[in-house]
Amino acid sequence: MVSKRKSLPKDRFFENIEDELALTFDDVRLRTGFSEVMPDAVDITTFFSRNVPLQIPFVSAAMDTVTEHQMAIAMAKAGGLGIIHRNLTPEMQAKEVARVKYHLNGKITEPICVNETITISELLQLKEQKGYTFHTFPVLNQKRQLVGVLTETDFDCCIDPSRLAREVMSTNLVTSHPRTTVQAAYDRMIQERKKVLPLVNKQGHLTGLYIFSDVRRIVTESSAHYNVDDNGQLRVGAAIGVNDFERVEKLLDKRVDVVVIDTAHADTKPVIDTLKQLKKRYTSLDVVVGNISEKESARRLLDAGADGIKIGQGPGSICTTRIVAGVGTPQVTAVYWCARVADEYKVPVCADGGLRNSGDIPIAIGAGAHSLMMGNMFAGTNEAPGEIVFLEGKQWKGYRGMGSEGAMQQHAASRERYRTGKSLLVPEGVEGLTPYKGPLATVISTNIGGLRIGMGYVGAATIEELRAKGNFQRITNAGINESHPHDVRIVKDAPNYKR
Ligand code: XMP
């Protein structure tokens, strides 16, 4: 439904410069205002797409040096979301999604079971094939009744993998009835000193399963800030291409939460046709589309049914699109105009790329973004794919553009993202190194800190309020120089500042 958007303080700022000037992060600062908001009390929950919420407004980029299952798991545990890249076969990408989905559970309503006659080596093969990262498998007999459970200990202590499940499994089970609550399961598991609690009906059939680590996490509320779906499983997204329907089927089979049509230019007929097809075929699947940087493009994607739009053509740290092709709107202006249109449709906007400091985050949201996709910020963490490299006495990790020469030569998906083929291979990105950054959690907490204090200065208690109250001033080079530390020799690095 399209409805008129109410006018906001920042409108005049952007309208006044619309025809001649497009701005990016270092061109502007947010204006401060009267504030009764304490940074530690602000609410930073938001949405990535119509039906996919976020506890924090961060999404990791669908890049092969940023988001595979380790990153997606860590992002969702921090309250954000990871988008698994698509330089993988559909099967491999679906396996990555499965690894995220199977990482945590509440009550497992459809446990993956094995027959008592399977051998341990067959089961290990199945685990590898399907991407199961868990080690607990209920074992059923020919009548589909529960006869035992294979646990991690059973796997570890099995020296001969040709043995059958029924010879190796644990049989001293404690079970409970199908309606057992999480709290009751926790109490029973503590009392019986059991890490697995199968739920069994009167016929001996398995109806569910509790795992102690999941149950303890839920009961003690240590995971209240995780980004989880209705089944208590971590949320995860995946990138897809144009007409990539077979991939979507495989992703849906693993219960992916959202797909992102991941292109360098989404305002094209093939992308819009793909979006329409997806919305027709899978009415309950959220489809986010990107990237664009013009308000007219936003309207075309929103009219075609997008559940979220992604903004950014050329701001990325590894991008060369603006230099190679001479196109693309600087990011703050692009976000503002696209978000202004998306507000009419009540569809969330994700600002993708170009964020360098935590202060860029409130700026992007103040301009209209609901969430931020970041590549470089999260690349180089422990959770990003790739090994640490030592160079010039420092630690680094590889980070490359999905449109870099290397990515394009290796992967058809990268060539398709940039609409080039083997006959016209024009890189739109570079391959490089980014400083090793340690655990993702540290990077996230530094950036959340910047967002929170920014909201405090603006007087915005929620992300929606920051979007509404955010107002801007242009800043000159002199202003930027004044903003950075000056006339001092820094003797101790600040954890949240670099230049
Ligand atoms: P940051 O600044 O966070 O940007 O590193 C990440 C975003 O950059 C986009 N991306 C590219 N853009 N050429 C481009 O023009 C590329 O090779 C490339 N690779 C990634 C992408 O949107 C990502 O989320």
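One-based numbering, in listed order, for ligands and for the atoms of each. Positions are given from 1 along the sequence.
For Y345, the side chain to side chain donor-acceptor pair (under 3.5 Å) partners are R299, D303, not counting sequence neighbours.
Classification of R99 and E96 as a salt-bridged pair holds, one side-chain N sitting under 4.0 Å from a carboxylate O.
Using cut-offs of 30° and 60° for the angle between ring planes, the F58 and F378 rings count as tilted.
T46 and S371 share no side-chain donor-acceptor pair at under 3.5 Å.
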N or O contacts of ligand 1 with protein under 3.5 Å, please list pair by pair.
residue	atom	partner	partner atom	Å
ligand 1	2 (O)	S317	N	2.8
ligand 1	2 (O)	G354	N	2.8
ligand 1	3 (O)	G375	N	2.7
ligand 1	3 (O)	N376	N	3.3
ligand 1	5 (O)	S317	OG	2.7
ligand 1	5 (O)	N376	N	3.0
ligand 1	5 (O)	Y399	OH	2.6
ligand 1	12 (N)	Y418	OH	3.4
ligand 1	13 (N)	Y418	OH	3.2
ligand 1	13 (N)	E428	O	2.6
ligand 1	15 (O)	T321	OG1	2.6
ligand 1	15 (O)	E428	O	3.3
ligand 1	17 (O)	M402	N	3.3
ligand 1	17 (O)	G403	N	2.6
ligand 1	19 (N)	M402	N	2.8
ligand 1	22 (O)	D352	OD1	3.4
ligand 1	22 (O)	D352	OD2	2.5
ligand 1	24 (O)	D352	OD1	2.6
ligand 1	24 (O)	D352	OD2	3.2

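With F245 as the aromatic partner, R281 meets the cation-pi criteria of under 6.0 angstrom to the ring centre and within 45 degrees of the ring axis.
The CG atom of N227 sits 13.5 Å away from the NZ atom of K77 when rounded to the nearest 0.5 Å.
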